[in-house]
Amino acid sequence: MTSGKTPPTDWLETANAFQQNLIQQWTQVAKAFPGAAAGAQPGATDPFAAFKAFMPQAGAANPFGMAMPTAGAAFPGMPAMPMMPAMPGMGDMFKNASGQQVSFDPAKLLEIQNQYLKDVTGLWNQGPAVKPEGDRRFASDAWASNPMAAFSAAAYLLNARTLMALADAVQGDAKTRTRVRFAVQQWIDASAPSNFLAFNAEAQKKAIDTQGESIAKGMANLLHDMKQGHVSMTDESVFEVGKNVATTEGAVVFENELFQLIEYKALTAKVYERPFLLVPPCINKFYILDLQPENSLIRYCVEQGHRTFVVSWRNPDDSLAKATWDQYIEDAVIKAIGVTQDITGAETINALGFCVGGTMLGTALAVLAARGEEPVNCATFLTTLLDFTDTGILDVFIDENFVKYREMQFADGGLMPGRDLATTFSFLRPNDLVWNYVVGNYLKGETPPPFDLLYWNSDSTNLPGPYYTRYLRQMYLENNLVKPGKMTVCGEKIDFRQVKLPVYIYGSREDHIVPIGGAYASTQVFPGKKRFVMGASGHIAGVINPASKKKRSHWIGSATKFPKDVNEWITSADEQPGSWWTDWAAWLKPQAGKQIAAPKTYGKGKSYTAIEPAPGRYVKAKA
């Protein structure tokens with residue numbers, strides 16, 4: 001391996017020439033962006049010109065009034081020290097992020113200034129010997145062996161730490177501080193030198209080693225992704241729904257304009273008399289629960305002897321542009337419960353809701369309870385919000401102005417594009433779900449490897465505008481669903497105090513969409529018997545954790561004590577090795593009734609015949 005202190009001369013010369021040429025090319029591209037030329041000096045070569053057009057303008061001074069080099073370089077071949085935006089510019093950025101003028105804690109500001117002075121002096125003194133550490137984006141040998149690239153990466157990391165410290169020093173309420181921190185983190189992640197070919201030493205080295213082939217492949221990847229409308233996270237050509245994902249055998253036995261109901265073929269000679277219905281989120285497609293046989297929760301349910309039914313949501317088109325939350329509850333969730341009863345002849349069924357599917361299932365149970373009906377014997381809620389007090393990072397998007405804007409946008413109906421929703425979720429973890437693929441696909445010319453979960457993640461669904469805005473206002477903004485009598489759905493006042501069935505509630509410890517506190521809050525909503533289990537990992541990986549893999553852990557607490565604070569529950573819970581699936585299966589088994597002979601056909605006589613094989617056509621429709 002070549003030492004970072006003695007890089008080969010030919011590599012440095014080639015890289016520097018290559019970099020300068022790319023900077024000139026990038027500048028020509030940047031000038032094509034609206035507003036980029038307005039902020040640029042004549043003849044300047046600024047690869048960030050297009051990006052800076054959307055950022056606050058910086059003054060001559062740095063945030064702390066320090067006199068730092070702004071032109072030339074202290075070491076031959078090294079760039080000038082990257083500068084931080086001036087405090088007025090910083091104030092503008094923070095104001096834009098929070099929606100109001102912000103102030104900083106003076107004591108923290110002084111502490112940040114002193115630390116920055118110390119760190120920047122140390123960085124400057126290291127010069128060509130500096131190495132960016134602790135960040136996988138700059139971990140390759142190409143960064144360490146190119147002093148110019150290593151210095152720019154180290155300076156970026158220093159400025160990033162300082163910006164986040166400034167965000168933490170903002171004075172204001174919790175929501176303002178969270179918004180500022182989120183916006184600053186987005187800016188930091190987007191402006192990393194690794195995201196630009198002009199500064200990415202690893203991508204430059206690959207271009208040289210492949211004699212430009214990686215750049216040609218990167219351009220081809222970019223054109224492909226522009227055509228398909230999203231950044232490729234996996235090789236999507238490898239997968240086909242019904243062929244190598246969503247392959248559990250079954251048939252569609254009912255359909256209407258909102259959903260198809262799939263019944264799955266029994267894998268045991270006998271099944272439990274009480275059927276099992278799964279309600280997945282309509283924001284995504286149901287086959288996250290049926291990716292592959294070895295990690296399919298649907299197949300696992302069938303293998304446990306449950307006669308299993310699943311709601312497969314239609315991907316809305318213009319014909320559903322005016323569909324409402326109430327329609328989804330009455331004509332989809334409640335209808336699916338009724339059809340499952342009709343087909344099986346069971347007086348009651350067991351049901352599961354995942355994410356917003358759990359929110360809809362809970363709402364349907366409350367509507368039915370208000371009508372004096374109890375068709376569901378027990379319910380499972382996976383990473384579900386019913387009490388929207390703790391919505392995590394998504395709360396940064398939600399306020400009265402945002403909701404009013406969406407309500408005006410969809411006042412006469414319309415569709416919330418699935419791609420917009422997918423982009424929002426991706427930017428909750430931008431380095432992992434956005435910039436990682438921008439760098440790999442376009443700068444390095446790589447094709448991402450096949451990964452079924454990421455294929456599903458890219459297979460987005462639209463939402464009807466009226467459904468979406470009701471969900472935003474009534475739940476995310478006003479949290480009316482858990483306020484007894486405050487929200488009316490399908491003509492009934494919602495009151496979870498009337499929903500007294502046994503419930504199994506699951507939350508993922510590192511979930512960034514449904515925080516563990518939000519999932520746990522449902523223990524305070526249901527008055528009957530309940531069991532709460534926490535799993536390791538996040539929103540998807542925590543749920544899709546097959547028992548056979550024996551991976552991760554789950555935590556189990558008291559069966560009778562559910563303190564209001566989730567942290568108090570976590571402190572008293574016991575860690576168990578492996579998946580939560582086995583604990584859940586043991587809980588569900590006694591709720592399922594006696595065993596009976598497995599059905600030999602799908603549906604029921606002429607009333608409910610097999611329409612088409614699973615997974616059906618609704619799930620195959622693209623947004």
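These numbers were taken from a predicted model, which means no experiment stands behind them. Throughout, residue positions are numbered sequentially from 1 according to the sequence presented.
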Using modelled atom types and a 3.5 Å cut-off, is there a donor and acceptor pairing between side-chain atoms of [X] and backbone atoms of [Y]?
X	Y	value
Thr461	Cys282	yes
Asn295	Gln292	yes
Thr308	His306	yes
Asp390	Pro515	no
Asn545	Lys551	yes
His554	Glu575	no
Thr384	Phe381	no
Ser579	Trp581	yes
Gln260	Gly616	no
Glu510	Ser537	yes

Compare all side-chain heavy atoms of [X] with those of [Y] and state whether any distance is below 4.5 angstrom.
X	Y	answer
Ile112	Thr162	yes
Tyr455	Leu291	no
Trp584	Leu297	yes
Phe354	Thr380	no
Pro316	Leu463	no

Is the number of heavy atoms from other residues, nucleotides or ligands within 6.0 Å of CD (Glu374) greater than 12?
no
Around Lys550, counting heavy atoms of other residues, nucleotides and ligands shown, do more than 12 lie under 6.0 Å from its NZ?
no
For salt bridge (Lys or Arg N to Asp or Glu O under 4.0 Å), just list the numbers for Asp395 and Arg179, CA-CA rounded to whole Å, side-chain angles, deciding distance to a tenth of an Å, and then say yes or no.
CA-CA 9 Å; Asp395 186 57; Arg179 276 185 163 174; over 6 Å; no
With ring centroids as reference points, do [X] and [Y] lie under 6.0 angstrom apart?
X	Y	result
Trp580	Tyr506	yes
Phe402	Phe397	no
Trp313	Tyr328	yes

Test side-chain hydrogen bond (donor to acceptor under 3.5 Å, both in side chains), reference Arg274, set Thr348, Thr344, Asn350, output is Thr348
Separation between [atom1] of [X] and [atom2] of [Y], rounded to the nearest 0.5 Å:
X	Y	atom1	atom2	result
His230	Ser460	NE2	OG	7.5 Å
Cys355	Leu361	SG	CG	13.0 Å
Trp187	Met164	CH2	CE	12.0 Å
Leu277	Gln341	CG	CD	10.0 Å

Which label fits [X] and [Y]: parallel for a plane angle under 30°, tilted from 30 to 60°, or perpendicular past 60°?
X	Y	value
Phe254	Phe259	tilted
Tyr468	Phe410	perpendicular
Phe388	Tyr471	perpendicular

Which is it for Glu407 and Arg473 under the salt bridge (Lys or Arg N to Asp or Glu O under 4.0 Å) test, yes or no, and what are the steps along the way?
CA-CA 9 Å; Glu407 289 172 337; Arg473 175 167 293 282; 2.5 Å; yes
The test is side-chain hydrogen bond (donor to acceptor under 3.5 Å, both in side chains); show your working for Asp387 and Asn479 and say whether it passes.
CA-CA 7 Å; Asp387 182 339; Asn479 195 21; 3.0 Å; yes
Any luck finding a side-chain donor-acceptor pair between [X] and [Y] under 3.5 Å?
X	Y	result
Thr423	Asp420	no
Gln576	Asp583	no
Asp565	Tyr520	no

Assess Lys530 against Phe562: is NZ or CZ under 6.0 Å from the centre of the six-membered ring, and within 45 degrees of the ring's axis?
yes
Salt bridge check: are Lys175 and Asp399 linked by an N-O gap of less than 4.0 Å?
no
Carboxylate-amine/guanidinium proximity below 4.0 Å for Arg181 and Asp168:
yes
Please assess Arg371 against Glu492 for the test salt bridge (Lys or Arg N to Asp or Glu O under 4.0 Å), listing each intermediate value before the final yes or no.
CA-CA 8 Å; Arg371 295 172 178 173; Glu492 307 293 344; 3.5 Å; yes
What pairs with Lys265 under side-chain hydrogen bond (donor to acceptor under 3.5 Å, both in side chains), at least two apart in sequence or on another chain?
none
Start with the C-alpha distance between Tyr272 and Arg307, add both sets of side-chain angles, then the distance that settles side-chain contact (heavy atoms from CB on, under 4.5 Å), and finish with yes or no.
CA-CA 7 Å; Tyr272 292 104; Arg307 189 174 180 182; over 6 Å; no
Evaluate Tyr467 against Asp326 for side-chain hydrogen bond (donor to acceptor under 3.5 Å, both in side chains), listing each step before the verdict.
CA-CA 8 Å; Tyr467 167 101; Asp326 285 29; over 6 Å; no
Any pair with a residue in residues 277-295 that passes salt bridge (Lys or Arg N to Asp or Glu O under 4.0 Å), sequence neighbours left out, goes on the list, sorted by first then second residue, please.
Lys285-Asp459
Result of checking Leu278, Val543, Val514, Ile505 against Leu382 for side-chain contact (heavy atoms from CB on, under 4.5 Å):
Val543
